[in-house]
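What follows is a short report on a single structure.
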There are 2 protein chains.
Amino acid sequence: MRPNKKDELVEKALEVFYRNGFHATGMDLLVRETCVSKTSMYKHFRTKEELILAALQLRDLRFRGWYTARVAALATTPQDQLLVMFDALGEWFREDGFCGCMFVKASAEFQHPDHVIHQQAAAHKHLLLDYVTGLARAAGYPDPETLARQLLLLKEGAITAAVMGDSADPAGDAKAAAAILLAAARAVA
Amino acid sequence: MRPNKKDELVEKALEVFYRNGFHATGMDLLVRETCVSKTSMYKHFRTKEELILAALQLRDLRFRGWYTARVAALATTPQDQLLVMFDALGEWFREDGFCGCMFVKASAEFQHPDHVIHQQAAAHKHLLLDYVTGLARAAGYPDPETLARQLLLLKEGAITAAVMGDSADPAGDAKAAAAILLAAARAVA
DNA sequence: CTCAAGATTTACCGATCAGTACAGTTACTG
DNA sequence: CAGTAACTGTACTGATCGGTAAATCTTGAG
């Protein structure tokens with residue numbers, strides 16, 4: 001049971017779950033794609049649910065890492081970062097293989113709020129909210145909590161729009177709206 | 001084959017799919033819940049996919065009917081309706097048994113953009129966009145298309161937030177943000 | 001080399017999946 | 001009443017679901 005083997009399994013599972021969905025992906029398929037036997041798979045993860053949770057955790061770390069780094073690269077001041085977070089979003093939308101937010105999909109497939117998977121998905125969103133709230137506070141806005149929640153509404157809405165194809169440039173729409181909200185929030189200060 | 005029997009089946013399927021998910025709901029369960037034999041079920045709908053499409057169509061008609069009626073009841077002018085659409089949204093969130101947008105969930109479970117179910121889900125969102133664009137145009141805003149797209153970002157984001165529990169009152173946050181966007185759009189005119 | 005301990009594979013479990021063959025039942029026609 | 005056409009219920013199909021028992025292979029110690 002090499003420790004890196006387990007990571008490979010999670011990696012592959014993440015990819016397949018993201019592309020295929022959770023219920024629609026059977027353990028047999030995962031076993032086939034990872035070139036590992038079923039028993040070995042179940043040695044690493046006692047249930048499918050455990051594997052899903054591991055995949056979501058990896059996704060959370062990776063996405064938040066990429067996203068915050070990208071935002072930091074695109075702008076230096078918290079004020080500007082609140083805007084370029086929508087540019088980073090647009091880059092994500094245009095990536096090959098983009099098909100929505102894994103956590104939204106997870107909570108859609110495991111709907112019950114008490115379900116572990118649903119809660120882990122919600123936790124990811126909460127961490128993102130904390131991140132944006134921190135930016136808003138650092139930028140000196142009054143009521144950074146409300147501002148962050150509203151910016152996240154735009155972000156989540158843009159993801160949905162990107163998946164459902166309502167708009168040619170959902171991230172751009174969101175960024176324009178965000179600029180208005182930011183200006184208005186600043187005026188109140 | 002009474003015509004109303006088919007409607008009952010769609011009705012029940014809609015409820016179970018909404019509560020349980022699509023892949024997670026087997027035809028056996030639906031047959032059990034509708035008190036109809038499997039053969040009869042497959043007489044009305046040749047495949048599960050056909051049943052899902054019928055359920056989505058009913059949901060589309062019903063939700064848009066309810067939503068536009070509720071908005072019309074809460075305000076008379078298009079200008080005010082663009083705001084109270086978020087009050088109606090909040091009422092929906094607080095309904096018993098609310099568990100997100102059926103079309104978002106459908107497109108999450110049937111991800112491929114070419115899939116019939118995905119497209120039918122996208123069509124619903126497009127009809128809603130047309131509705132809001134119409135309101136924005138009637139209210140006399142310049143660039144009603146962009147304004148409508150941005151308001152819908154807030155609406156979709158609020159739905160996600162309501163499902164994932166980021167916020168105590170996502171509809172209220174969205175309404176406040178919408179008010180700012182509306183004022184800014186008016187100022188440009 | 002021998003031999004035990006751990007990891008891996010094969011083959012399988014009962015349950016459930018979407019979908020169907022066929023016999024039985026009903027209801028309308030003459 | 002007989003005949004028939006439409007409908008319904010039972011019982012089943014092969015495939016796949018998540019998960020496992022027992023056999024096989026690998027490995028390191030003595």
Side-chain angles (χ1 to χ4, degrees), chain A residues 1-57 105-106 108-112 114-118 120, chain B residues 1-57 105-106 108-112 114-118 120:
Chain A
M1 198 193 303
R2 293 154 291 188
N4 55 333
K5 189 67 184 176
K6 184 167 182 173
D7 295 345
E8 282 177 34
L9 296 184
V10 181
E11 183 103 26
K12 190 70 185 176
L14 168 54
E15 176 202 322
V16 180
F17 281 138
Y18 181 60
R19 180 164 30 88
N20 250 53
F22 298 96
H23 284 110
T25 301
M27 292 300 270
D28 295 277
L29 173 64
L30 288 170
V31 162
R32 227 174 299 135
E33 294 236 2
T34 51
C35 297
V36 101
S37 79
K38 213 165 181 182
T39 310
S40 300
M41 179 70 89
Y42 275 95
K43 268 281 192 297
H44 293 295
F45 310 95
R46 281 178 309 175
T47 62
K48 183 182 183 182
E49 179 176 296
E50 209 170 271
L51 176 57
I52 293 177
L53 288 172
L56 286 180
Q57 188 185 345
K105 296 195 286 190
E109 290 208 48
F110 304 90
Q111 303 198 48
H112 200 299
D114 295 342
H115 197 295
V116 207
I117 294 179
H118 189 102
Q120 183 152 335
Chain B
M1 197 193 301
R2 295 153 288 187
N4 55 333
K5 187 68 182 175
K6 184 166 182 174
D7 296 344
E8 281 177 36
L9 295 184
V10 181
E11 182 102 27
K12 191 70 185 176
L14 167 56
E15 176 202 322
V16 180
F17 281 137
Y18 181 61
R19 180 163 31 89
N20 250 53
F22 297 96
H23 283 112
T25 300
M27 292 299 271
D28 295 279
L29 172 62
L30 287 171
V31 160
R32 227 174 300 133
E33 293 237 1
T34 52
C35 296
V36 101
S37 80
K38 213 165 182 182
T39 311
S40 301
M41 178 70 89
Y42 275 94
K43 268 279 192 298
H44 293 295
F45 308 96
R46 279 178 310 175
T47 62
K48 183 183 183 181
E49 179 176 298
E50 208 169 271
L51 176 59
I52 292 177
L53 288 173
L56 287 180
Q57 189 184 346
K105 296 195 286 190
E109 289 208 48
F110 304 90
Q111 303 197 49
H112 200 300
D114 296 342
H115 198 294
V116 208
I117 294 177
H118 189 103
Q120 183 151 335

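To find a chain, count down the sequence lines: A is the first, B the second, and so on, and within it residues start at 1.
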Spacing of [X] atom [atom1] relative to [N] atom [atom2], expressed in whole Å:
| X | N | atom1 | atom2 | answer |
| --- | --- | --- | --- | --- |
| A/His23 | C/dA15 | NE2 | P | 20 Å |
| B/Met27 | D/dC17 | CE | P | 19 Å |
| B/Met41 | C/dG19 | CE | C1' | 13 Å |
| A/Lys43 | C/dT9 | NZ | C1' | 12 Å |
| B/Phe22 | C/dC17 | CZ | C1' | 18 Å |
| B/His44 | C/dG19 | NE2 | P | 16 Å |
| A/Asp28 | D/dT20 | CG | P | 14 Å |
| A/Leu51 | D/dG18 | CG | P | 10 Å |

Do the side chain of [X] and the base of [N] come within less than 3.5 angstrom through a donor-acceptor pair of N or O atoms?
| X | N | value |
| --- | --- | --- |
| A/Thr39 | C/dT9 | yes |
| B/Lys38 | D/dG9 | no |
| B/Lys48 | C/dG19 | no |

Could you report the tightest heavy-atom contact between B/His118 and B/Phe110, atom names first, then the distance?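 Heavy-atom minimum between the residues: ND1-O, 3.0 Å.
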Looking at B/Phe22, is B/Lys105 sitting on its ring face, NZ or CZ under 6.0 Å from the six-membered ring centre and within 45 degrees of the normal?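 No, B/Lys105 does not sit over the ring of B/Phe22.
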Non-hydrogen side-chain atoms of A/Ile117 and A/Glu49 separated by less than 4.5 Å: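 Of all side-chain heavy-atom pairs linking A/Glu49 with A/Ile117, at least one is under 4.5 Å.
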Using heavy atoms to find the nearest nucleotide of DNA chain D for A/Ala24 and B/Ser40 separately, return the residue whose nucleotide is more 5′. B/Ser40
Both A/Arg46 and A/Arg32 contact DNA chain D. Which one's nearest nucleotide lies toward the 5' end? A/Arg32
Closest to the B/Ser37 side chain, choosing from D/dC17, C/dA18, D/dT10: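 So the side chain of B/Ser37 is nearest to D/dT10.
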Side chain to side chain contact (heavy atoms under 4.5 Å, CB included) partner of B/Leu30, chosen from B/Leu9, B/Asn20, B/Val16, B/Val36: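 It is B/Val16; the other options fail the test.
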